Amino acid sequence: MLPAPPLTDHPPAAPAGHPPIGPEHRTALVDVNSFYVSCERAFDPKLAGIPVVVLSNNDGCVVARSDEVKRLGVDNGTPWFQLAARAKGWGMVAKSSNYELYGDLSSRVMELLGRHAAWQEVYSIDESFLGLDARRGAYVEQGRVIRAAVARHTGLPVCVGVARTKTLAKFANRIAKQNPHLGGVCDLDAMPAEHVDAIMTRVPVTGLWGIASRLGKRLNLMGIETVAQLRDADPVLIRDRFNVVVMRTVLELRGIPCIELEPVRPDKQQMIFSRSFSTPVVGAERMAQVMGLYAQQAAARLAKEHQVAKIMTVFASTSRFRDDVVSSIVSATVRMPNPTADPVLMSKAAIETIRARVVDGAPYAKAGVMLTGLEPAGAAPVFDEFLSVHEHRNIGALIGDVTTRFGTHAIGLGRAGLIRVPEWTMKRQRMSPRYTTDWDELATVHAR
DNA sequence: GAGGTACAG
DNA sequence: GGTTCTGTACCTC
């Protein structure tokens, strides 16, 4: 991969503030095709042209598929154990998810996209909404420049949909994906209107952003089956029978913007750290160990976002796919003495809260820590007297620094500091190296 | 405000 | 034997 280009090669980064709405602007939706698969391929040329899937945590089920896999008729969410036998015959390769790699490539892509837009909303790990300004050239041309820039600097393929609203930009992006002759860019207003109408008449409502299977079923019952039919439905009727969200979709399909571009990500309201185990966890002491670790991970994330939490919920449950064992779902909520991101306090609280509630003999399959009542760190002053000893000594920040410099496993409190990884840690048997974020796993380039 | 439903990626 | 994780908004009570 090429390094990020110097800033002088490009327009300046997207400005802060609210984007204007006007005839000289459009909304673009840019996303990476089969993002996780494309990340794996960017570092392993052997994966090109063959069916590739990326698996969820614990190598559980399919979360990303290459085009070859989509053509084989394999759905997202398919459990790997149902696929494994057939995979060999297909020549399919499965990779464990490697969020460190995807997160790093995502930042690079997002930064590049921001440089090519008047405004940017980073919408997900692989998508941005961009505000395009007509003064920077024809929208289709801007889309092509964006595609070329991302391909050159990261090796990742993106598609660009351009339209007057977010919903239509999403739709245009879909058209760009499904029609290779468009070269990955679709400006809805640059297409003949009857052509767009013909597509909208063919595509089912569930092809739209915000309309999934359940809403789709209910809409079908009213006789609304296609995008065109939803566009032409009565917005007020739709609001009354469904909700304002679906009504906004109707209006946006007509080119009336109802969903703002949000350049600034609002602070999180809640944070969850939850994992399924590779092997069940039994007993209060083992579960205490798990919770201590999970609470520290949650604390680290919280600190990274410069937030503190007032309320903690810990939960654990046995597998819902087994009826032959003691079944148990436990959850309990505690209020922290002060809003905090302190790993010592949080792991103590998590351990004490779960210990008393674990059911003896129940094989827990999954557990987690949920933090709510989040606020920005330092927003509310805290009496010095109320701070714990570790908060005074800033142990949390110290642990954070060590983790950043030496990795997640370099330091931990109590049993989280175990040298050996516990046996219930999630299974990631098919993981590729952290090519870009770990010195020991950097990609090697051979030249001759 | 809590808890359930629905959606997204 | 084995089926992800995280986050938000809306609706109902």
Side-chain angles (χ1 to χ4, degrees), chain A residues 29-37 39 53-65 74-85 94 96-99 102-103 106 121-129 166-167 170 173-174 205-219 238-249 258-259 262 265-280 294 297-298 301-302 305 307 311 313 315 317-325 331 333 363 365-374 424 426-429:
Chain A
L29 187 274
V30 186
D31 74 347
V32 183
N33 307 343
S34 309
F35 181 54
Y36 297 167
V37 168
C39 291
V53 295
V54 172
L55 303 175
S56 64
N57 283 345
N58 269 322
D59 295 343
C61 57
V62 173
V63 291
R65 307 158 294 160
V74 174
D75 285 335
N76 250 341
T78 307
W80 174 241
F81 75 88
Q82 288 177 4
L83 213 56
S96 302
S97 41
N98 184 347
Y99 288 101
Y102 311 150
S106 172
E121 173 186 335
V122 176
Y123 176 67
S124 75
I125 192 164
D126 77 322
E127 286 170 278
S128 269
F129 285 107
K166 281 181 161 184
T167 304
K170 274 270 194 184
N173 180 279
R174 178 199 158 100
V205 271
T206 49
L208 284 169
W209 185 40
I211 311 289
S213 63
R214 289 173 193 176
L215 278 173
K217 281 205 183 80
R218 288 172 58 197
L219 285 163
I238 294 292
R239 187 196 58 201
D240 292 344
R241 296 228 193 148
F242 297 89
N243 56 48
V244 293
V245 179
V246 185
M247 182 186 79
R248 281 182 204 135
T249 301
C258 305
I259 310 171
E262 290 176 47
R265 208 120 259 246
D267 282 347
K268 276 202 182 85
Q269 303 171 32
Q270 72 173 35
M271 181 176 292
I272 299 174
F273 188 93
S274 112
R275 290 279 180 279
S276 301
F277 308 127
S278 59
T279 57
Y294 283 17
Q297 300 273 352
R301 278 193 197 167
L302 204 54
E305 310 228 344
Q307 286 191 291
I311 296 164
T313 302
F315 55 92
S317 60
T318 49
S319 171
R320 59 183 198 284
F321 300 104
R322 292 181 63 176
D323 49 15
D324 57 329
V325 295
S331 102
T333 299
K366 175 182 179 168
V369 173
M370 173 162 69
L371 303 172
T372 49
L374 304 193
W424 45 261
M426 70 176 170
K427 190 161 51 166
R428 292 206 287 186
Q429 288 174 342

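Here the structure is a predicted model, which means the values were calculated and not measured.
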How is [X] classified with respect to the nucleic acid when contacts are heavy atoms under 4.0 Å: base, sugar-phosphate, or nothing?
X        : result
A:Arg301 : sugar-phosphate
A:Asp126 : sugar-phosphate
A:Leu55  : nothing
A:Phe35  : nothing

I'd like to check the side-chain contact (heavy atoms from CB on, under 4.5 Å) partners of [X]; sequence neighbours left out, ordered by chain and number.
X        : result
A:Lys217 : none
A:Arg214 : none
A:Thr78  : A:Val62, A:Val74, A:Asp75, A:Gln82, A:Leu83
A:Asn33  : A:Asp31, A:Pro157, A:Cys159, A:Lys177

Below 4.0 Å from chain A heavy atoms, what is the first contacting nucleotide of DNA chain B and what is the last?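 With heavy atoms of chain A under 4.0 Å away, the range is B:dA6 to B:dG9.
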Identify, with sequence neighbours excluded, every residue that meets ring pair (Phe, Tyr, Trp, His ring centres under 6.0 Å) alongside [X].
X        : answer
A:Tyr123 : A:Phe129, A:Trp209
A:Phe242 : none
A:Tyr99  : A:Tyr36, A:Tyr102

Opening and closing nucleotides of DNA chain C in contact with chain A, under 4.0 Å to non-hydrogen atoms: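 Footprint of chain A along DNA chain C, 5' to 3': C:dG2 to C:dC11.
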Specify the residue among A:Cys61 and A:Val245 whose closest nucleotide of DNA chain C lies further upstream toward the 5′ end. A:Cys61
In terms of the nearest nucleotide of DNA chain C, which residue is placed more toward the 5' end: A:Val244 or A:Ser319? A:Ser319
Examine A:Arg275 relative to A:Phe277 and say whether NZ or CZ is less than 6.0 Å from the centre of the six-membered ring and inside a 45° cone about the ring axis. no
In residues 76-85 of chain A, which ones come under 4.0 Å of DNA chain C, going by heavy atoms? A:Pro79, A:Phe81
Evaluate the criterion salt bridge (Lys or Arg N to Asp or Glu O under 4.0 Å) for residue pair A:Glu127 and A:Lys170; output intermediate values, then yes/no. CA-CA 10 Å; A:Glu127 286 170 278; A:Lys170 274 270 194 184; 2.5 Å; yes
Rounded to the nearest 0.5 Å, how far does CD of A:Gln429 lie from CG of A:Leu55? 10.5 Å
Verify whether one side chain among A:Asp126 and A:Ser124 offers a donor that lies under 3.5 Å from an acceptor in the other.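 A pair is found: one side chain offers a donor N or O, the other an acceptor, under 3.5 Å apart.
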For A:Lys366, check salt bridge (Lys or Arg N to Asp or Glu O under 4.0 Å) against everything at least two apart and list the hits.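 By the salt bridge (Lys or Arg N to Asp or Glu O under 4.0 Å) rule, A:Lys366 matches no residue at all.
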A:Ser274 and A:Tyr294, any side-chain heavy atoms less than 4.5 Å apart: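 A:Tyr294 vs A:Ser274: side chains apart.
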Of residues 207-214 of chain A, the positions that come close to DNA chain B - non-hydrogen atoms, cut-off under 4.0 Å: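 Under 4.0 Å from DNA chain B: A:Leu208, A:Trp209, A:Gly210, A:Ile211, A:Ala212, A:Arg214.
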